[in-house]
Amino acid sequence: MIAEVVFDLPLDHPFSYLLPGDLKLACGQRVRAPLGGRGTRVGVVVALREGDESGLRPVQHVVDAAPIVSAAGLDLGRWIADESLSSWGSTLLALVPPPSRARRAESVAPAPDRAPSIPAREPELWTSADRDERLTAMLAAESEAALVIAPDTASAARWARRLDAARLDSGAGEAERREAWFAAARGRARVVVGTRGALLAPLPPPTTLVLLEEHDPAHKPPGPPRLHSRDILMRRAALDGSRLILLSGAPSVESWARVDEGAVRSLPDGGGAWPQIIAADTRGILRNHPLTLPLTRAIEEMSRRGRGVALIVGRATGVLGCNDCGALLSCPDCAVPLQVRRDRRALVCRLCARVEPLPDRCPACGGRRLAPFGWDPERVEASVRRRFPRLTVSRSDPGAQVVIGTSALLRGGSPGRWGAVGFVWLDGFLRVPDFRASERVFQLLWAAAEAVGGSGRVIAQTLHADHYALAAARNREREAFYRQELGFRAELGYPPYKRLCHVSARGKTAATARALLEEAAAAIAGVAGLTIYPLAALGAPGAASAARWRFVIKGPAELPRLIAPALRPFLERGRRSGGVVEIEMDPVTT
DNA sequence: AGCACGCCGACT
DNA sequence: GTCGGCGTGCTC
């Protein structure tokens, strides 16, 4: 018997091994096998067959007593690899718990059968403020097995506690995690909670699949599996006949578009009280002090009422804005903010690589106060301390009266967690050089509103009091936001109307990386239906970092299939002088 | 991705 | 005369 094994390599073909007569195994099981020089590696068995066994090396030993992925999981992994131009092996191995260090597991385990085909169910989008409570109640009442995917391990831990569920994520202990995995496969853990790494958890279908906070960019970090958790679950649900529930107060524009298309059903929202969302004009204030009058008042009032205040500070961004009119310097073609390259005294578009000299006047109003910097947490803390010497002010103590931190402060709390949330410099989030900046701001404001609850207050310090994301959040009008945002995306051909793909190369020198990437760009130049943007150096172009170059491809839904034939050779190491090409499909970070 | 094989510079 | 650089090709 011959076992076909895939490894965590950028090679997309299986390797054949001899299966010793006494070794029984099934597809989806992990094995350790010799590969290359004298090492051995862990791989997943994707096929078993009879055939010519001459010249084959034997599998060394079995890693897990039972298949770690089901037949359906193998298929889903193959689809993810195809869709993201990744390899089957690196995809699968990123979607199973790491092998235990224990010695050889003894084998013999039947492969779980593929489920009989079950009619697909329409995915659901739950947006109501009480969605978490509804989900908890629903899962308690259901008898169907459920897989709940959280954006991060802290959230997975909270949900596991809340649902009294087993954990499959890396925040759990290795033993607990493996036990939960196999218990789920045997139908002995009804509800399991995990992060991305649990997307292939082998629950017997049909199941309920849940994606928490589906808009969260943590659902698509770089690296394998190189696809958004939402897309993986959509596919899994469609193949499984599983029910898919997406949860988010302010969903991704992609998911909203699916509702518009009728591919996803949106549940009616519950209503309830909505907080005051105040736009506080920062003109002439933010230069010297981080607090406007409305925010100062909110802090005073909340401290009287014994309620905490969260001050949200973004990271300083390398973009230039005008302190007089609030305009930010954007690329006229791509509408994304231009990035400051100080060493070159230039502004660069990260999408089309357009380069402009650093202006000394605002192109919109002619003002001279162009400012690249915002308020960082340390500076805010010192300033708030000075203004409120009698309050506890902290960047680390979540129980302080005023807590200063990033948008992470809005995560995972119950409604009313904060009495007020202040965005010290909302424009910092709007100025992020990413076409999703408005969406992100809308989601932050929505999360803040939910975190303060109906009796709280949200203060957004901004020069853009009339920005549509702010207006829509203030008026609790989701439709208004998505209508405008979808219009913008349609006009410029951004997702969800087109798909994007980042192709990058890094090498020993900038020249080798660039040359390699130029070759890759040339390889797809003839493919119809694509927009290929010019090459751009990645990161600050200091000596070392300029060894990374990138270009962006824009294309239709079938983008992966269009570019795969030409680009696969670049991913599977060819004859090349020290360069590595990477492909990131549907990137959500710039 | 590792790792081995394979041809050109400074060292016990 | 060797040790060793990393360029390129392969791994069942």
Side-chain angles (χ1 to χ4, degrees), chain A residues 1-63 69 74 77-78 80-82 84-96 98-99 104 107 197 221-227 502-520 523 543-544 547-549 564 567-585:
Chain A
M1 189 70 102
I2 295 171
E4 301 282 357
V5 180
V6 293
F7 296 94
D8 180 13
L9 296 174
L11 305 173
D12 198 36
H13 65 89
F15 290 77
S16 306
Y17 290 90
L18 178 63
L19 204 54
D22 59 330
L23 203 61
K24 282 249 179 60
L25 49 74
C27 284
Q29 223 163 338
R30 277 186 300 198
V31 292
R32 187 168 272 285
L35 185 70
R38 49 169 130 53
T40 86
R41 311 177 67 110
V42 171
V44 177
V45 177
V46 294
L48 293 165
R49 61 178 174 90
E50 302 287 355
D52 180 13
E53 302 179 349
S54 59
L56 296 187
R57 300 168 81 181
V59 159
Q60 195 184 62
H61 65 79
V62 169
V63 172
V69 228
L74 289 177
R78 179 66 263 177
I80 297 166
D82 285 338
S84 60
L85 280 85
S86 186
S87 75
W88 200 0
S90 58
T91 301
L92 289 174
L93 284 148
L95 289 170
V96 294
R104 66 188 51 202
S107 58
R226 311 184 97 96
L227 215 57
H502 287 175
V503 183
S504 66
R506 63 201 147 78
K508 286 198 74 73
T509 69
T512 57
R514 191 174 210 287
L516 178 56
L517 199 60
E518 262 164 359
E519 237 187 292
R548 255 176 86 78
W549 285 73
L567 290 185
R568 268 247 146 83
F570 288 88
L571 298 167
E572 307 200 355
R573 227 170 214 301
R575 23 77 281 215
R576 91 189 48 125
S577 43
V580 181
V581 174
E582 256 193 298
I583 294 191
E584 188 72 32
M585 192 63 64

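Order of the sequence lines sets the chain letters (A, B, ...), proteins ahead of strands, with each chain counted from 1.
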Salt bridge or not for A:Arg514 and A:Glu519, using N-O below 4.0 Å?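 Salt bridge between A:Arg514 and A:Glu519, a charged N being under 4.0 Å from a carboxylate O: no.
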A:Asp8 with A:Arg41: basic N within carboxylate O range, under 4.0 Å: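 Salt bridge flag = no for A:Arg41 with A:Asp8.
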Once you round it to whole Å, what is the distance between [atom2] of [N] and [atom1] of [X]?
X	N	atom1	atom2	value
A:Arg32	C:dC12	CZ	P	15 Å
A:Leu571	B:dA1	CG	P	10 Å
A:Tyr17	C:dT11	OH	P	11 Å
A:Phe15	C:dC10	CZ	C1'	8 Å
A:Asp8	B:dG2	CG	C1'	12 Å
A:Leu11	C:dC10	CG	P	12 Å
A:Met1	C:dC12	CE	C1'	17 Å
A:Asp52	C:dC12	CG	C1'	12 Å

Is A:Trp88 reaching over with its side chain to a backbone N or O of A:Pro14, donor-acceptor style, under 3.5 angstrom?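 No, the answer is negative, given that no donor and acceptor are paired below the 3.5 Å cut-off.
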Need one value for A:Leu56: base, sugar-phosphate or nothing, where a base atom within 4.0 Å counts as base even if backbone is also close, heavy atoms only.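 Sugar-phosphate contact only.
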Are any of the side-chain heavy atoms of A:Ile2 and A:Tyr17 separated by less than 4.5 Å?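 Not in contact.
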